[in-house]
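A short worksheet on the structure shown next.
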2 protein chains.
Amino acid sequence: MSQEVEQRSLSQYLEEHNLKHTKQREAILAAFLEATGHITSEEIHSRVRVDHPNIGYTTVYRTMKLLCDAGLATERHFDGGVTRYEIEHEHHDHLVCLRCGKIIEFECAMIEKTQLEIADRYRFRVLRHRHELYGHCDACVRELAE
Amino acid sequence: MSQEVEQRSLSQYLEEHNLKHTKQREAILAAFLEATGHITSEEIHSRVRVDHPNIGYTTVYRTMKLLCDAGLATERHFDGGVTRYEIEHEHHDHLVCLRCGKIIEFECAMIEKTQLEIADRYRFRVLRHRHELYGHCDACVRELAE
DNA sequence: AGTGAAATTGAAAATCACATTCAATTTCAA
DNA sequence: TTGAAATTGAATGTGATTTTCAATTTCACT
Ligand SMILES: [Mn+2]
Ligand SMILES: [Mn+2]
Ligand SMILES: [Zn+2]
Ligand SMILES: [Zn+2]
């Protein structure tokens with residue numbers, strides 16, 4: 001596998017913060033990295049349970065928070081009330097399919113710039129933002145057309 | 001007061017849907033309209049309680065949902081896990097102050113258009129969207145500078 | 001006005017995702 | 001090897017909202 005960089009990154013974070021290196025943390029990081037983007041705690045839990053049947057939800061929640069602190073994961077809150085995690089990478093926003101759950105990432109310098117100009121008008125200092133488009137993805141649009 | 005239009009609008013909705021006109025619904029609509037924008041269920045509840053001490057949370061929740069269905073109110077979900085309601089009006093997005101809670105509305109045809117072009121590239125059909133900028137408002141920026 | 005079926009209300013209990021508690025277990029520096 | 005400190009996971013708590021259900025209210029029709 002190619003998770004060596006991330007595993008080392010976790011180890012480093014643990015050492016620097018006087019935290020301990022455990023089987024659980026290693027397993028949860030592995031399960032998280034194996035999945036591709038935007039996964040829930042529940043999904044991580046069921047994946048990690050395959051090889052480690054005793055790991056509880058609590059540990060998954062705690063570890064994902066730790067991975068976020070360590071800069072390996074990012075929390076996302078799309079409509080629906082469930083936290084999702086993605087591998088931390090460059091800023092971007094999302095298209096979310098309301099039918100199949102597919103999530104597409106996009107980035108647009110024009111929009112990023114324009115929104116800051118708008119904020120400036122109100123002398124508002126933007127710290128973060130969320131821009132999400134909800135609807136139907138290509139595949140779902142076709143299926144809905146029968 | 002100038003809530004006649006809305007009261008009549010509610011009455012019409014109730015009649016058309018075989019629902020009943022009650023003191024509670026009238027009082028909750030009044031309390032909601034008296035407040036200016038982006039109010040929580042709890043705030044509505046405490047306001048309506050001044051004149052109607054027996055109205056429960058449950059009825060506020062149910063009635064606000066009804067007002068949304070009737071096209072008089074809109075539900076908003078900003079970061080923080082509490083639903084807020086605003087008087088239904090033209091589409092717009094928000095600047096949310098993380099310090100004092102102030103909420104500023106904005107609209108930008110350029111962004112609206114650009115985001116649809118992005119969706120088009122993915123053949124994604126946008127049904128709705130949310131675009132929220134979180135940070136510090138003018139007043140808070142000044143206070144934070146001591 | 002009176003009736004009664006259907007809608008509404010509100011207190012209490014349930015839900016749902018996540019956080020906290022705490023006793024038992026594990027890690028790791030010395 | 002040892003033990004202090006960190007971690008774990010089951011159980012329990014939390015906070016916003018929803019559901020349940022018996023009692024009350026509305027309103028169309030006498
Ligand atoms: Mn993403
Ligand atoms: Mn608004
Ligand atoms: Zn889809
Ligand atoms: Zn502010």
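Per chain, numbering begins at 1; letters A, B, ... match sequence-line order. Because the structure is predicted, anything quoted here is derived from the model rather than measured.
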Which residue lies toward the 5' end of DNA chain C, A:T58 or B:G56, if each is placed at its nearest nucleotide?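 The residue whose closest nucleotide sits nearer the 5' end is B:G56.
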
Return the 5'-most residue of the pair A:R84, B:N54 with respect to DNA chain C, ranking by each residue's nearest nucleotide.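 Its nearest nucleotide being more 5', the pick is B:N54.
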
Counting only side-chain nitrogens and oxygens, does [X] get under 4.0 Å of the OP1 or OP2 atom of [N]?
{"X": "A:K65", "N": "C:dA19", "value": "yes"}
{"X": "B:Q24", "N": "C:dG10", "value": "yes"}
{"X": "A:Y61", "N": "C:dA19", "value": "no"}
{"X": "B:T83", "N": "D:dA16", "value": "no"}

In whole angstrom, what separates [X]'s [atom1] from [N]'s [atom2]?
{"X": "B:K23", "N": "C:dG10", "atom1": "NZ", "atom2": "P", "result": "14 Å"}
{"X": "A:L14", "N": "C:dT26", "atom1": "CG", "atom2": "P", "result": "18 Å"}
{"X": "B:E16", "N": "C:dA7", "atom1": "CD", "atom2": "P", "result": "17 Å"}
{"X": "A:E15", "N": "C:dA29", "atom1": "CD", "atom2": "C1'", "result": "13 Å"}
{"X": "B:L10", "N": "C:dT8", "atom1": "CG", "atom2": "C1'", "result": "14 Å"}
{"X": "B:Y57", "N": "D:dT19", "atom1": "OH", "atom2": "C1'", "result": "18 Å"}
{"X": "A:R62", "N": "D:dA11", "atom1": "CZ", "atom2": "C1'", "result": "12 Å"}
{"X": "B:E26", "N": "C:dT9", "atom1": "CD", "atom2": "P", "result": "12 Å"}

With a 4.5 Å cut-off on side-chain heavy atoms, are A:R76 and A:Y85 touching?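 When only atoms from C-beta onward are counted, A:R76 and A:Y85 do not touch, as no gap falls below 4.5 Å.
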
Examine B:H129 together with B:H91 and report whether their ring centres are nearer than 6.0 Å.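 Between B:H91 and B:H129, which both carry aromatic rings, the centre distance is below 6.0 Å.
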
Item to check | Closest-nucleotide ordering on DNA chain D, the 5'-leading residue of B:H21 and A:T63 | outcome: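 Closest to the 5' end, via its nearest nucleotide, is A:T63.
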
Specify the residue among B:L19 and A:T22 whose closest nucleotide of DNA chain D lies further upstream toward the 5′ end.
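Checking each residue's closest nucleotide, the 5'-ward one belongs to A:T22.
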
CZ of A:R125: more than 12 outside heavy atoms within 6.0 angstrom?
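No.
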
- Item | Residues, nucleotides or ligands: over 12 heavy atoms within 6.0 Å of A:R123 CZ |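 For A:R123, atom CZ is not crowded (no more than 12 foreign heavy atoms under 6.0 Å).
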
**OP:** Identify which nucleotide among D:dA6, C:dA7, D:dT17 has an atom closest to any side-chain atom of B:K20, counting heavy atoms from C-beta outward.
**Re:**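 Nucleotide nearest to B:K20's side chain: C:dA7.
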
Review point. So, are B:D138 and B:R142 salt-bridged, with charged N and O less than 4.0 Å apart?
Key: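 Yes, B:D138 and B:R142 are salt-bridged.
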
Original post:
Looking across every strand, which nucleic acid part, if any, lies under 4.0 Å from B:R25 by heavy atom: base, sugar-phosphate, or nothing?
Top reply: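 Result for B:R25 = sugar-phosphate.
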
